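Treat the numbers as computed from the prediction; the structure is a model and nothing was measured.
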Amino acid sequence: MISIHKCFLALFLIYCTIQAKAQSEAKNIIKVTYTSTPISQYKMTESHMQDSPTKASLHEFMKGITDYYSLYINVKDRSSIYVLDSTVQKRPIGWENPRTTAALADTVLFSIKTTENKTFKHEWIMNQTFYTEGEVGNIEWVLTNEQKKIKGLNCFKAKSKSSDYPIWYTKELPVSNGPSVYQGLPGLVVVAEDYFRTIQIQKIEYNSEIDFYETLYKTKYNIFIEEKKKKKHYDIEPILLIKKGDLATGLYEYYHKKPYKR
């Protein structure tokens, strides 16, 4: 009788171990859904915001263009991959003609954060493709005590030392990840805004798609390495950040008809 009880206890412990492992594996991946729109408070002028009785403003037209992204974070090693899933355009009044398109300044196709805190990114800028490599420390963050609620999350404001564009992040998820190269903050990036775009979080969920994650990560990583070998479109991320900063300054002064002041 004692041996039967021992066997039952052993089987029960094995079952509990299997269940605990399965539950642990079920939360290996955090999937964060973001939307990205090609509008920014820094880019739009008063004339861009003006509607007419028959035509919506340029701001409304650009606001109707939405890129949907997924950020997959490996909870165990904190690596991540940010990928463009789809683009949706809703046309407001006066912009119904499908031949009317927007010349987007930049679009990130994918970005990777490795376990060594390297960043690899594929991005379109002014109809040119760039593959850039950097490190998490390329953006030096200035943290503030300013707080607000976004999507029910308690968020803190930060900005980079090289610009005044705001970043909002939450400490409620103990990860240091975010969209594109917005990495290295003490929490998950919830909202990021620069001259070209505004990125906002939409949904956070856990799943067990570790095989899917590893396949996606490996596929994009291999694409990047192959393009790096060609060297034609490859660059260093800090250099690209400077180029984009110069582009933003030039466009600001062109649209606003005044010098850009930080």
What pairs with K229 under salt bridge (Lys or Arg N to Asp or Glu O under 4.0 Å), at least two apart in sequence or on another chain? E226

Cation-pi check, K161 onto W141 ring (under 6.0 Å, within 45° of axis): no

In terms of ring plane angle, is the pair Y217 and Y213 parallel, tilted or perpendicular, where the classes change at 30° and 60°? tilted

Would you find a donor on one side and an acceptor on the other, under 3.5 Å apart, between the side chain of S180 and the backbone of Y182? no

Output yes when a side-chain donor or acceptor of D51 lies under 3.5 Å from a complementary backbone atom of S57, and no otherwise. yes

List for me each residue that meets side-chain contact (heavy atoms from CB on, under 4.5 Å) alongside N97, sequence neighbours excluded, and say none if there are none. R99, T100

Centroid-centroid distance, F110 to Y82, less than 6.0 Å: no

Does the S70 side chain pair with the main chain of T33, one donor and one acceptor, at a distance under 3.5 Å? no

Linking Ile, Leu, Val, Met, Phe, Trp and Tyr by side-chain heavy atoms under 4.5 Å, what else ends up with V88? Y68

Between R78 and T115, is there a donor-acceptor pair closer than 3.5 Å when you use the side chain of the first and the backbone of the second? no

Report yes or no: is the cationic atom of K171 (NZ for Lys, CZ for Arg) under 6.0 Å from the centre of the six-membered ring of F156, at an angle within 45° of the ring normal? yes

Without swapping roles, check the side chain of T132 against the backbone of E237 for a donor-acceptor pair under 3.5 Å. no

Answer yes when K118 and E116 have at least one side-chain N-carboxylate O distance shorter than 4.0 Å, and no when they do not. no

Is the backbone N or O of T144 less than 3.5 Å from a side-chain atom of Q147, with the two atoms forming a donor-acceptor pair by type? no

Should V181 and K121 count as side-chain neighbours, where that means a heavy-atom distance under 4.5 Å? yes

Ring centres under 6.0 angstrom apart (H122, Y131): yes

Whether the side chain of W95 engages the backbone of A56 through a donor-acceptor N/O pair (distance < 3.5 Å, no angle test) should be reported. yes

If we only count heavy atoms from C-beta on, is the Q183 to S80 side-chain gap below 4.5 Å? yes

What residues form a salt bridge (Lys or Arg N to Asp or Glu O under 4.0 Å) with K203, not counting sequence neighbours? E205

Does L188 share a hydrophobic cluster with V136, counting links as ILVMFWY side-chain heavy atoms below 4.5 Å and allowing steps through other members? no

Side-chain heavy-atom pair E193, I167 within 4.5 angstrom cut-off: no

Are the side chain of T37 and the backbone N or O of K63 linked by a donor-acceptor pair below 3.5 Å? no

Return yes if some donor-acceptor pair links the side-chain N/O of N222 with the main-chain N/O of K218 below 3.5 Å, else return no. yes

Please name all residues satisfying salt bridge (Lys or Arg N to Asp or Glu O under 4.0 Å) with K231, sequence neighbours left out, ordered by chain then number. none

My understanding is that only residues two or more places apart in sequence, or in another chain, count here; which of them pass side chain to side chain donor-acceptor pair (under 3.5 Å) with Y69? none

